[in-house]
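Convention: sequence-line order gives letters A, B, ...; per-chain numbering from 1.
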Protein chains: 4
Amino acid sequence: MPRGRKVDSDGEVTRQLLLEKAIEQFAEYGFHSTKISDIVNKAKVTQPTFYLYFESKEAIFLRITGSFQMQLIDIITACFLEENLEEHSLKLQINSNLKSIFTFFEKNPLLTKIGFVETDSARELKNSMVKQITENLKSGQRLGYYSDLYPMNLVAESLVGSIERLTLNEILTNKSRPIELAKVLVDIYFTGIQKK
Amino acid sequence: MPRGRKVDSDGEVTRQLLLEKAIEQFAEYGFHSTKISDIVNKAKVTQPTFYLYFESKEAIFLRITGSFQMQLIDIITACFLEENLEEHSLKLQINSNLKSIFTFFEKNPLLTKIGFVETDSARELKNSMVKQITENLKSGQRLGYYSDLYPMNLVAESLVGSIERLTLNEILTNKSRPIELAKVLVDIYFTGIQKK
Amino acid sequence: MPRGRKVDSDGEVTRQLLLEKAIEQFAEYGFHSTKISDIVNKAKVTQPTFYLYFESKEAIFLRITGSFQMQLIDIITACFLEENLEEHSLKLQINSNLKSIFTFFEKNPLLTKIGFVETDSARELKNSMVKQITENLKSGQRLGYYSDLYPMNLVAESLVGSIERLTLNEILTNKSRPIELAKVLVDIYFTGIQKK
Amino acid sequence: MPRGRKVDSDGEVTRQLLLEKAIEQFAEYGFHSTKISDIVNKAKVTQPTFYLYFESKEAIFLRITGSFQMQLIDIITACFLEENLEEHSLKLQINSNLKSIFTFFEKNPLLTKIGFVETDSARELKNSMVKQITENLKSGQRLGYYSDLYPMNLVAESLVGSIERLTLNEILTNKSRPIELAKVLVDIYFTGIQKK
DNA sequence: AATGAATGAGGGTTCATTCAT
DNA sequence: AATGAATGAACCCTCATTCAT
């Protein structure tokens, strides 16, 4: 293949293509097993072209996970922090919050796999999610909406675990929709499954 | 250094030593970032010695995860399959089941990290766990102990997610004991956190 | 950014700019560690622009060292070849010659570093310098001005070595001036340092 | 070629072979143009074998230059520091010192090229050489052996330049022997070339 | 039973250079 | 006259694995 610029080539297009292919590879094989050569082969460019747009394998990975996680943090913050805690709407509100999280995951399945499920840096993110939910639950507890018997940090941990697994096995596999999962979770965590 | 058999050396001891060090490395760094050279350095033997006892890096990893996962399957099967479903003891029974699972994890923290949390092959295991729990819950539903409104496979997924996260963040960090976690989970999933 | 000719741009200006920046880089980092990208970045043009004016990295390097070395050869030839060997003025003459060489170096410090100190091609130049000085010294020897005991080629080698080192460590660092160095060298080589 | 140990292979032999070939390459092509692949090809081993014995290209280079320079420093220190300054033997002593330096270079021509002529780190070494010689000359000056008119640091610089050039062009090319060069230098620097 | 010595197979990255606009 | 975009050709280095002792 001759050197130099291809006809009708456009840097922004190539950059996006590389990002896209990188996302696919990272989602399927993870960071270590993804090779630069795979990414560029899929994008039909050569390896030096990769380095035209991204500093390193780590850099593109951080760019991908970073921007995804920032979006996710925004959503979570909006959900669990600025909540107006009124009893009659509480359940609805939480339902809606969970739904928006699941919906975000549903819209970005590959990024979710890379940036929420499998990355080390997702650990912090989930931990901060746990913290925010814990605070939220404690507020509800103080206001008398939730039973005093529960250690809310454990409840929050449990909920985040539920969200993670349902995301991985129901959302990312297209087996369930956000609306269903949000409802189930709210029902379980609010009233339990035992027949009254 | 002279070659050949060391004085007082015993093959079985070396094999166990390698297994032990491999477990430590895999638990701390994961499969990809663990190098054979790390394992043998820690065990104070040379690389060829490793291959005297294990066919490959994959082989030792499978041996480690495999035996752990077999034990875990036994425990889970015992818990959720051979259960006698009587209403008055149901909650106690499940509580006890969860406690034994968490206890198993607490006793084997490194193996749990390798074989339950971070391995791909753990996916199947957790899936089968979900299936067994689902069946169990459906039986309870048929017998009228649980509300008919819940899709039990999702409940089971949610529960497994909760277990996983609590294991990772509470058991493996020594923050909580099995008995607490079992109680919290039973309480949540049976009756919910909403104040009555 | 729009492509094509910039407003007010002038090829010759760009060529000079590239030369200048290349000289800076070559002087500071040497041939191998100087990258085309460094040169063009400093000149605020792009890489293809470089190839508009110079065929290759080697080409610009040769152009730089070549023109410098040609000037230097002229000076040296003037100094040591067309010399009129009269005893009373010999020492003065040589003093003046050395001074003009050092002055040339002082005026072109970067080029001196590139083209006299660090380049392989400077070897030939210095060798021819040695030859000319040798001939000159031999003439002086034949005319009875210098002792017959000295192998003049070695004296010439020694002198060139002295010049090189004093250039590098005194002239290029601005620690000494040409006039001092010329005097010291003439004194040493003519009469030695031993107290009479 | 099959993997694993070769018949009769010996690590120490291989290490020495690699060192030897590396020295040849570095001497001929310099650090940057010497490739690991060249070294290992010449030594008839593969690239990973190189890394069995040396951490990196830089490491082997430093090892080579380092040990050479340490030996050289020892020699120089012995020569110019512990000198007993008595007038009748001064000239002989310096002659002998220069001879041992040139002899050291003659015995290690490749190392000399790498570690004395072409390396950046040789700059410091030569500078310290200049310093020691300067001190030595100043002592001689104070004792009245040398003329007060000379700035001895410049004389020392000049001498080191002479040594360097004579080493490169006479010793390393086998054109002159240490004994000749030492004599010439002593004669020049002590009494000058002018006929009395 | 164990070691010393070596290699196959790649993986990430850099840099001078070139084509199309 | 100048740029945006791309590539060929290396180069350094790592790691699991294997042979000879």
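To the nearest angstrom, P of F/dA6 lies 21 Å from CD1 of C/Ile36. Here E/dA5 presents its C1' atom at 15 Å from OH of B/Tyr51, a figure rounded to the nearest Å. Taking atom CZ on B/Phe61 and atom C1' on F/dA16, their separation rounds to 16 Å, with Å as the unit. The separation between D/Glu55 atom CD and F/dT14 atom C1' is 13 Å, rounded to whole Å. The CZ-C1' distance, from C/Phe50 to E/dC15, rounds to 13 Å in whole Å. When the P atom of E/dG10 is taken as reference, atom CG of A/Asn41 falls 13 Å away, rounded to whole Å. Following rounding to the nearest Å, D/Asp38 (CG) and F/dC13 (P) show an atom-to-atom distance of 14 Å. To the nearest angstrom, C1' of E/dC19 lies 13 Å from CG of A/Asp8.
Looking at heavy-atom distances under 4.0 Å, A/Ser9 makes contact with sugar-phosphate atoms alone, never a base. Using a 4.0 Å heavy-atom cutoff across all strands shown, C/Phe54 reaches no nucleic acid atom at all.
You'll find that the side chain of C/Lys57 is closest to E/dT17, out of E/dT17, E/dT7, F/dA1. Checking E/dT21, E/dA5, F/dG8 against every side-chain atom of B/Pro48, the shortest atom distance belongs to E/dA5. Across F/dA6, F/dT17, E/dT3, the shortest atom-to-atom separation from the side chain of B/Gln47 is found for F/dT17. Each of F/dT3, F/dC11, E/dG11 was ranked by its minimum atom distance to the side chain of A/Lys35; first place goes to E/dG11. Among the nucleotides E/dC19, F/dT17, E/dG4, the one closest to the side chain of D/Arg5 is E/dG4. Taking every side-chain heavy atom of D/Leu52 into account, E/dA6 is the closest of E/dG8, F/dT7, E/dA6.
Note on A/Arg123 versus B/Glu118: salt bridge recorded, some NZ/NE/NH1/NH2 to OD/OE distance being below 4.0 Å.
Under the Watson-Crick or G-U wobble criterion, with both distances below 3.5 Å, F/dG4 is paired with E/dC19.
Between A/Arg15 and A/Phe54 the shortest side-chain heavy-atom distance falls below 4.5 Å.
Checking the phosphate oxygens (OP1, OP2) of F/dG4, no side-chain nitrogen or oxygen of A/Lys6 falls inside 4.0 Å. The phosphate of F/dA2 has OP1 or OP2 within less than 4.0 Å of a side-chain N or O from C/Thr14.
Distance alone, capped at 3.5 Å, places no donor-acceptor pair between the D/Lys21 side chain and the D/Lys44 backbone. Although no hydrogens or angles enter the test, the distance criterion places no donor-acceptor pair under 3.5 Å between the side chain of A/Thr49 and the main chain of A/Val45. Between the side chain of B/Lys113 and the backbone N or O of B/Asn108 there is no donor-acceptor pair closer than 3.5 Å. Within the 3.5 Å criterion, the main-chain N or O of C/Thr34 finds a donor-acceptor partner in the side chain of C/Lys57. Remark: side-chain polar atoms of C/Ser33 are not paired, donor with acceptor, to backbone N or O of C/Gly30 under 3.5 angstrom.
Within residues 15-33 of chain A, no residue is approached by DNA chain F to less than 4.0 Å at the level of any non-hydrogen atom.
Side-chain contact annotation: B/Gln47 with B/Ser37, donor-acceptor N/O pair under 3.5 Å absent.
Side-chain to base pairing of D/Arg3 with E/dG8: no donor and acceptor N or O lie closer than 3.5 Å to each other.
Between B/Thr49 and D/Val45, it is B/Thr49 whose nearest contact on DNA chain E lies nearer the 5' terminus.
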